[in-house]
Amino acid sequence: MNHKPIDPIVLVGAAKDFWHTHEVKSYHIPSIHMNDGPHGVRGTNSSAIIATKNKTATCFPTSSALASSWNPDLIYQIGKAIGKEAKAHGIHALLGPGINLKRTPLGGRNFEYYSEDPCLTAECASSFVKGIQINGVAACLKHFILNEQEIERMTINCMVDEKTLFQTYLWPFREVIRKAHPWMVMASYNQVNGDKVSESTYLLTEVLRQQLQFDGVIVSDWGAVENPVEALKAGLDFDMPYMGEYQTETIQKALQNGDLDHEVLEARYKRVKDFSNKLDFSNSQGVNYDQHYELAYQAAVQSIVLLKNDKQLLPLNETTERIGIIGDFFRNPRIQGAGSSKVTPYKQITPEMALRKDYSHIQYSYLNPTQDDLKDDTYVQEIQAFAKNYKTLILFAGLEEMIESEGIDRHTIRLSSYYNQLINIVYEANQDVIIILNNGTAVSFDKMKQVNSMIEAWLPGEAMGEALWAIVFGRENPSGKLSETFPISDLDLPMGPRFKMNETDVVYSEGVLTGYKYYDYLNKPVHFEFGFGLSYSEFKLDNYQLIKKDKRYEISLQITNVSSRKGMEVIQLYMGLDQPSQIYPMKELKRFIKIEVKPNQSRRVAFTVDSADFESYNTNLKDYVVVPGIFNLYIGTSSRRIHFTSQVESIYDEMSIRKTLLGLRENSLCKDFYYYPLTREPFMESFSYLKEEGVFDIILDMPLNLIARLFPDLISKECMDGFLKKVGGLKKQHIKNK
Ligand code: BGC
């Protein structure tokens, strides 16, 4: 037994139990309470993986739903409300938002992530973080990094190339760090290219702190650290949760035997101290849960996506006298996902409760066939007779809770055979059936193409019932747009129906082509594209204008509501390099705006595109720099419904000039100098004679200093020195303050 007292600095940031850190009086650092999660306060004391009986809190739509609202202002309000509730529960750090991207709909935890797109993810998460932190409660970006699947999530090795890592998966972290300054990041369980994330100096210190300039604290995912000393050295601050005395004892021992420098602990002390100074430890005021229910209702309304309305059966008329309803989710809906994000809702209004309460004049009959019923011909006939009997027929379908959950991935994008069969049987009898989907991520089913009315309700939180009927009966106008692509079949998925490549590794083989970027690149048909969603209103887009002003492009257009119903549309701006020399997305989301337009009203929508929008991670220059060339600019109402296209040339502001010049070295490729507008002229002045020699195009792909060494007859020392001097001059001119 070790009776020696633990050095207090060892206890700074050390876990006391499942959710708290130690208070360290001598350093004036209070105990910090961390708790889940992204869709509402989990507020549990339990250490169970899935504790469902917690303190009550507002259960908001899950992130995949919220992102479908395309409304960062609304998400800010939700962050603010959750932060307030967290404070009321005595929580100082809220473990969310989750900003991993969706490589495929098979990810079991997709419901907890915003989107397949880094830009949409970053916009939603930035608002959420700002909302949480305004309360003096820390938001925690998770899970850093490459935790895109649940299968073997604690051990899996994710193999990824540098471009994909920085361009796609680190992008949202970078953006949220820049825009919202989160105080905390959670290091994930997995490995990246053989490096355990929670113990990786490269990922935690070099990438996260130095390259992405994160200045907060890093907490491990629960149990992600194997070697506490290595984790500390790598830059981790909180090794959560408490898993026995060995965590602090190992550190103490390492300190004593010289394996760990005191400076490492002091650096951690400084970070934890700065962090705790930001937190509000005061008692909070009361929470108005009814007001938060209203917010949850608004959020659900704006998140729900109208996918099909071919025969304009929706909205239903409130004078409808009788409705036939089929499916368990009517009575037992899924309002949230399973796992650590699970909230015990303050109140929950199911679709059945809401129909009874708000539409009491409507008669409805309800059928909930079991799996066995579908095997019984007589019962199948009864279902069909029921389906035929109702002109207005609604079928609830979706994913059962244990099909999508933290800790498990899906095996197929298809709905279960039960729901496929049920839909087939009902559709055969009544082709006007309205399908309501209740799931956290994209699904597909046999009759998806054929059905003519369909709503994606997602996992829409505690106000699901009221929000859903408000959309169905037209009290509210749908305005949600898909935050992810709905592919047709498993074989369409970038990696097919499986994540793993072998026993130990997942390979990010689709590279930067995540989600719609992959389907667009291969020109693949999909059920519903990213950014798609219908409205009961009809909008017209015209009067498009593009102006170049100094170092930016100003784009504007007019949207007119040509229907008699007030509605909201999401205008989306995508960009893509016209003639890329490498695999490059045809289009990437860069800007979007959700706008409300009254009947017959016209409004002008404007976007500004600047230098940063032309940036991409450059593996030569090791930085995000402007890509030189011509870009296509697309404006549309989804990633495939493009109304206007123009071409623009990339622009450089001073910052991007500096970054590019910093990255250019003697051993850079000749084409890096040639394509970069600022060095192009000096390059041509020095080397245009190589055109006559007929080798100009060949040398472009070679390192400048190597050609000079290898072919001194082609490039003389004087010529080379002359060119480098000119580049040096440019560097002096632009990087003087660095
Ligand atoms: C999850 C985290 C969560 C933590 C604490 C882990 O298993 O991956 O997202 O915050 O548990 O519940």
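Both ligands and their constituent atoms are indexed starting at 1 by order of listing. Sequence positions, counted from 1, serve as the residue numbers for this chain.
Under a 4.0 Å criterion applied to the non-hydrogen atoms of W19, ligand 1 contributes the atoms 5 (C), 12 (O). Close contacts of ligand 1 with K142, meaning ligand atoms under 4.0 Å from a residue heavy atom, involve 2 (C), 3 (C), 9 (O), 10 (O). Every atom of ligand 1 with a heavy atom of R42 under 4.0 Å away is listed here by number and element: 12 (O). Against a heavy-atom cut-off of under 4.0 Å, R109 is close to the following atoms of ligand 1: 1 (C), 2 (C), 8 (O), 9 (O). Listed by number with element, the atoms of ligand 1 under 4.0 angstrom from any heavy atom of L95 are 10 (O). Proximity to M186 (heavy-atom distance under 4.0 Å) selects the following atoms of ligand 1: 10 (O). Of all atoms in ligand 1, numbered sequentially from 1 with element shown, those under 4.0 Å from a heavy atom of E406 are 1 (C), 6 (C), 7 (O), 8 (O).
Taking the six-membered ring where tryptophan is involved, the planes of F111 and H39 are tilted, since the angle between them lies from 30° to 60°. Aromatic ring pairs are classed by plane angle as parallel below 30°, tilted from 30° to 60° and perpendicular above 60°; the pair H92 and F281 is tilted. Relative orientation of the Y169 and Y508 rings is perpendicular, given thresholds of 30° and 60° on the angle between their planes. Y269 and Y27 have tilted rings, their planes meeting at an angle from 30° to 60° on a 0 to 90° scale.
Polar contact with ligand 1: absent for E112 (N/O pair, distance under 3.5 Å). Checked against a 3.5 angstrom limit, the closest N/O atoms of R153 and ligand 1 fall inside it.
For the ligand labelled ligand 1, residue H143 lies inside the 4.0 Å heavy-atom shell. Taking 4.0 Å as the cut-off, E150 does not count as a neighbour of ligand 1 on heavy-atom distance.
Ionic pairing of K142 and D36 is present here: one or more N-O contacts between side-chain nitrogen and carboxylate oxygen are shorter than 4.0 angstrom. The residues K196 and E230 are annotated as not salt-bridged, no charged nitrogen and carboxylate oxygen being separated by less than 4.0 angstrom.
Note that OG of S188 is 10.5 Å distant from CZ of R153, once rounded to the nearest 0.5 Å.
The aromatic ring centroids of F60 and F128 lie 6.0 Å or more from each other.
Of the heavy atoms in M240, none comes closer than 4.0 Å to ligand 1. Neither the backbone nor the side chain of F18 comes within contact range of ligand 1; no heavy atom lies under 4.0 Å.
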Run the side chain to side chain donor-acceptor pair (under 3.5 Å) check on S341 and E406 step by step: do they pass? CA-CA 9 Å; S341 66; E406 175 176 340; 5.7 Å; no
